[in-house]
Amino acid sequence: MLIDNILYLNMKIATYNVNGVNGRLPVLLRWLEETAPDIVCLQELKAPQEKFPVESLQAAGYNAIWHGQKSWNGVAILAHNTEIKETKRGLPGDPDDEQSRYIEAFVNGIVIGCLYLPNGNPAPGPKLEYKLRWFERLQAHATTLLKYGMPVVLAGDYNVMPTELDVYKPERWIDDALFRPEVRQAFKTLVEQGWTDAIRKIYPNETIYTFWDYFRNAYGRDAGLRIDHFLLSPDLDSRLLAAGVNRDVRGWEKSSDHAPVWIELADL
DNA sequence: ATGTCGGCGCAACGCCGA
């Protein structure tokens, strides 16, 4: 990024489940303005392809690619004054899957996979089965990405709390599709391919939440969950400088139930 | 079990998904 003739080489990448990109547009634009991420992964657009607010984002300096869907799901990748080369639209492994949950691009020399993993509730049931199948497809595609040997960031709403440290009251979530043993195991199997959970690496023992339910004043009570994650390929692990959650955004008027999460990577 | 959101639809509030 070039500002006042000074070259800044570090890169800030963020992920944000906006829960309706048009309903949250003022919040999204304010957050972009205040935190100036270089690359952004968005989930839960809840907008059809033609209703994505591309003009507003361009006016804020962001190029965008997106995969919309009426009412639900939807993912996008934004890049500040930078070219985005789309490499995938839809997660491989099931041509009949019509839900818009994965988009991937080459940006600034990094492969950015933006994902919105299925919620899976009510569980057990077909929605949990779909979630577990989707996880298997993600594991398969993640293996392929590692084989390329390129720097890769898999960012998004995984709808999984990986450990008890990631839930305000673990005992209440045992049967929930976001915390069931088989779902946590699926996340663990994925990470053990060789990925780095960036937030957990920077904060090994701390309670870090990225989501607070709208119900029962969850944000006020800090009854949160950590479900939005960054997985880094092995060569990016040593470039991880910092990471965090923009918690205050969750407290803004008309906020999403998720907060934006970010990482900063050093240039090579 | 409950709670609160955004988006949807024979257009107003009940439903779905989260």
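To find a chain, count down the sequence lines: A is the first, B the second, and so on, and within it residues start at 1.
- Within residues 212-220 of chain A, the residues having any heavy atom under 4.0 Å from DNA chain B are, by residue number, A:Y214, A:F215, A:R216.
- The pair A:E129-A:R133 fails the salt-bridge criterion, with no side-chain N (NZ, NE, NH1 or NH2) lying under 4.0 Å from an Asp/Glu carboxylate O.
- Neither A:W262 nor A:V40 shares a network with the other; the hydrophobic side chains, linked directly or stepwise wherever heavy atoms of I, L, V, M, F, W or Y lie under 4.5 Å apart, form separate groups for each.
- Each of A:N119 and A:R172 was matched to the nucleotide of DNA chain B holding its nearest heavy atom; the match closer to the 5' end belongs to A:R172.
- Among the protein residues, A:K127 comes within range of the sugar-phosphate backbone only, with heavy atoms under 4.0 Å from sugar or phosphate atoms but none that close to a base.
- Residues satisfying the ring pair (Phe, Tyr, Trp, His ring centres under 6.0 Å) criterion with A:F230, sequence neighbours excluded, are absent altogether.
- Nucleotides B:dG3 and B:dG9 are separated by 25 Å at their C1' atoms, to the nearest Å.
- Looking at A:D38 and A:N108, their side chains never bring a donor and an acceptor atom within 3.5 Å of each other.
- Remark: the separation of the P atoms in B:dA1 and B:dC13 is 30 Å, to the nearest Å.
- Under a cut-off of 6.0 angstrom, the local environment of CD in A:E98 is sparse, with at most 12 non-hydrogen atoms contributed by other residues, nucleotides or ligands.
- For the residue pair A:H258 / A:Q43, no side-chain donor-acceptor distance below 3.5 Å is found, with atom types taken as modelled.
- Using modelled atom types and a 3.5 Å distance limit, the side chains of A:D222 and A:W212 yield a donor-acceptor pair.
- If you take atom P in B:dT2 and the same atom in B:dG7, they sit 26 Å apart, rounded to whole Å.
- A salt bridge links A:D166 with A:R200: the closest approach of a Lys/Arg side-chain nitrogen to an acidic carboxylate oxygen falls below 4.0 angstrom.
- Here the range on DNA chain B touched by chain A, meaning any atom under 4.0 Å from one of its heavy atoms, is B:dT2 to B:dA18.
- Distance noted for atom P between B:dT4 and B:dC10: 27 Å (whole Å).
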